Each structure stands twice: as C-alpha cells, then as structure tokens.
Amino acid sequence: MCLSDLPPLRDVIARHGLSAKKSLGQNFLTDGNLLDRIARVPGPLEGRTVYEVGPGPGGLTRALLKAGANVIAVERDSRALPALAELAAAAGEGRLRVVDADALGIDEEELVGRGAHVVSNLPYNIGTALLTRWLASPVWPPWWASLTLMLQKEVAERVVARPDTSAYGRLAVLCQWRSSARIAFEVNRNAFVPPPKVTSAVVHLTPGDMPPDVDVKQLERLTAAAFGQRRKMLRASLKAMPGALAALESCGIDSARRAETLSVAEFTSVARLLSAK
Ligand SMILES: C[S@@+](CC[C@H](N)C(=O)[O-])C[C@H]1O[C@@H](n2cnc3c(N)ncnc32)[C@H](O)[C@@H]1O
C-alpha cells in the first residue's frame with residue numbers, strides 16, 4: 001500500500017478504536033484539504049525533517065509525508081501506534097519514525113537534530129508550555145527552523161498581540177522578541193472530531209537573528225513580575241526585583257507606566273541592562 005491508497009481517516013480512527021481522550025487533548029482533524037493546507041504553511045518540505053508532537057491517528061502526519069517530509073513524531077497515546085505503523089509502512093522505509101513518549105520529556109535537538117521544521121496540532125493542555133520552551137531556548141539560533149502550530153485562537157492572539165491590548169503579555173514579548181510570528185489562518189471548531197469548545201488558529205513562527213546580550217531568564221523574570229500585577233505601575237510591580245527600577249530609569253522608561261504599555265524593544269532593553277549586571 002502507498003500513501004494515496006490509505007483508507008479515510010475516519011475509518012482509521014474507528015478501526016483502531018481511537019475514541020478521543022480529553023485528558024490527552026485529543027481533537028482529531030480528518031479533512032484532507034485542511035491538513036494539506038497546514039502542511040503548506042512552513043513552505044516546501046521535500047526532503048526536510050519535520051518534528052510532530054501528537055500525531056494521533058496520523059492525519060497531519062499523512063499530509064506532511066505527502067508533501068515530501070521525513071517525519072519524527074512523538075505520541076503519548078500508545079493506542080495510536082498500530083495506525084501510525086501502517087502509515088509508516090505506506091510511506092516507505094525511513095520516512096516516519098514514531099517515538100512512544102511524553103513530548104514534555106523530549107530533548108528535541110538530540111532526537112531530531114538541528115534545522116527541523118515543527119508542524120503540530122498541539123494538545124491544548126501542553127501547547128503554551130511547549131511553545132514557551134521552544135522560544136526560551138538558551139541556545140540561539142534554536143534547533144528548529146520554523147514552528148507551525150495549531151493553538152487555541154485565544155493563545156494564538158496572545159502570541160501576536162500588540163502593546164495596549166488585553167492579550168499582550170509574557171507570551172507576546174517572548175515570541176515577538178525571538179521570532180517573526182503570524183497567524184496563518186483560523187480553524188472552525190467543527191473541523192475537529194470531537195469539536196473543542198473554542199475556535200483554533202494556526203500560527204507560524206520563524207526564529208529571529210538575536211544578539212546574545214539579553215539573558216532569556218532575565219527577560220522572563222522581568223515580564224513575570226511586570227505582568228504578574230499588570231494593573232499596577234511598574235514602580236510597584238518591579239519593586240522587589242533587584243536593579244529593575246534603576247534599569248527602567250537608565251532606559252528612560254517612566255516607572256509610573258503599566259506593563260502592557262511597554263513595547264517588546266523596551267522590555268528587552270531593560271532585560272539587557274539586568275543581564276549585564
Ligand atoms: C489535538 S490532538 C492532534 C492529533 C492529530 N495530530 C490530528 O491533527 O488529528 C493531540 C495529540 O497529542 C497527543 N498528546 C497529548 N499529550 C501528549 C504529550 N504529552 N506528548 C506527546 N503527545 C501527546 C494526543 O494523544 C493526541 O494524539
């Protein structure tokens with residue numbers, strides 16, 4: 001059997017008894033056109049390595065393989081392994097490797113090497129944790145060439161949010177400091193089996209070329225303190241952080257401002273001074 005002869009995804013899900021488990025964030029995609037559209041977001045994939053978290057019954061994996069990628073996928077639900085083994089056989093020798101593990105415990109650089117594209121319909125319960133980890137990598141440029149991720153629309157909006165909006169916060173600062181981030185398109189909840197409660201969106205991030213003079217941990221501490229009390233003036237929210245008020249002053253930032261008014265560049269200039277100490 002080859003990829004084009006595979007049975008429809010709904011049949012695969014039924015035959016392998018893959019009833020969706022809420023605890024694993026399982027909302028499966030079965031629309032081939034939508035899956036092909038997601039696989040096109042990172043650009044040409046012929047001969048490229050793609051890392052996928054949570055292939056489940058393999059809908060997105062199938063689209064990625066059809067696009068010519070070699071896929072390394074990590075799946076925590078061992079019920080999906082037989083369906084994925086059939087997909088691997090149809091794709092041909094060496095094109096799909098499935099690791100039966102928790103993606104939160106994976107050392108991605110060791111597993112997939114450098115230069116891989118990440119394409120995933122992420123389980124919602126670990127989506128923000130994985131995105132933050134991939135952006136906060138101590139090694140920069142990171143191991144990934146791009147991230148194409150299905151997230152809850154509300155999380156996607158936090159990734160691309162601008163200052164002076166309620167969605168602007170720690171995630172926006174981290175993502176926009178380290179990458180170019182955009183929402184590729186929204187996905188209606190009815191595209192999933194079963195439909196989740198909320199609309200989703202596919203985001204695409206490519207790593208920026210960062211000078212190494214800002215310690216990501218300092219930036220994270222700074223934004224955690226500032227947005228932890230986002231309604232307060234910075235002079236109150238950053239009071240307990242050593243050096244922060246002096247760094248604000250050196251950067252010409254009025255400590256009567258609130259966190260959500262600071263641009264990403266302003267946050268990084270303060271973090272740069274704190275990193276130099
Ligand atoms: C939203 S579903 C996506 C399934 C499939 N890729 C699709 O698009 O239809 C999320 C998948 O992630 C898997 N998963 C959940 N938590 C995981 C974890 N910690 N590590 C690896 N996979 C996980 C689930 O079992 C499920 O298959």
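Both ligands and their constituent atoms are indexed starting at 1 by order of listing. Count residues from 1 along the sequence. Not measured: the values here are computed from a predicted model.
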Could you pull out all residues at least two apart from Phe227 that satisfy ring pair (Phe, Tyr, Trp, His ring centres under 6.0 Å)? Tyr168, Phe267
Going by an N to O cut-off under 4.0 Å, is there a salt bridge joining Asp215 and Lys217? no
Check the side chains of Tyr51 and Ser120 for a donor-acceptor pair under 3.5 angstrom, ignoring hydrogens and angles. no
Inspect the contact between Arg235 and Glu249 and indicate whether a charged nitrogen and a carboxylate oxygen are less than 4.0 angstrom apart. no
Tabulating one pair per line, provide the atom names and distances (0.1 Å) for every N/O atom of ligand 1 that is less than 3.5 Å from a protein N/O atom.
{"unit_1": "ligand 1", "atom_1": "6 (N)", "unit_2": "Glu52", "atom_2": "OE2", "d": "3.4"}
{"unit_1": "ligand 1", "atom_1": "6 (N)", "unit_2": "Gly54", "atom_2": "O", "d": "2.8"}
{"unit_1": "ligand 1", "atom_1": "6 (N)", "unit_2": "Pro55", "atom_2": "O", "d": "3.3"}
{"unit_1": "ligand 1", "atom_1": "8 (O)", "unit_2": "Asn121", "atom_2": "ND2", "d": "2.8"}
{"unit_1": "ligand 1", "atom_1": "9 (O)", "unit_2": "Leu29", "atom_2": "N", "d": "2.8"}
{"unit_1": "ligand 1", "atom_1": "19 (N)", "unit_2": "Asp102", "atom_2": "OD1", "d": "2.8"}
{"unit_1": "ligand 1", "atom_1": "20 (N)", "unit_2": "Ala103", "atom_2": "N", "d": "2.8"}
{"unit_1": "ligand 1", "atom_1": "22 (N)", "unit_2": "Arg76", "atom_2": "N", "d": "3.4"}
{"unit_1": "ligand 1", "atom_1": "25 (O)", "unit_2": "Gln26", "atom_2": "NE2", "d": "2.8"}
{"unit_1": "ligand 1", "atom_1": "25 (O)", "unit_2": "Glu75", "atom_2": "OE2", "d": "2.6"}
{"unit_1": "ligand 1", "atom_1": "27 (O)", "unit_2": "Gly56", "atom_2": "N", "d": "3.4"}
{"unit_1": "ligand 1", "atom_1": "27 (O)", "unit_2": "Glu75", "atom_2": "OE1", "d": "2.8"}

Does anything in residues 154-171 pair up under salt bridge (charged side-chain N to carboxylate O under 4.0 Å, His left out), and if so which pairs, sequence neighbours excluded? Lys153-Glu157, Glu154-Arg158
With sequence neighbours excluded, tell me which residues meet side chain to side chain donor-acceptor pair (under 3.5 Å) with Asn125. none
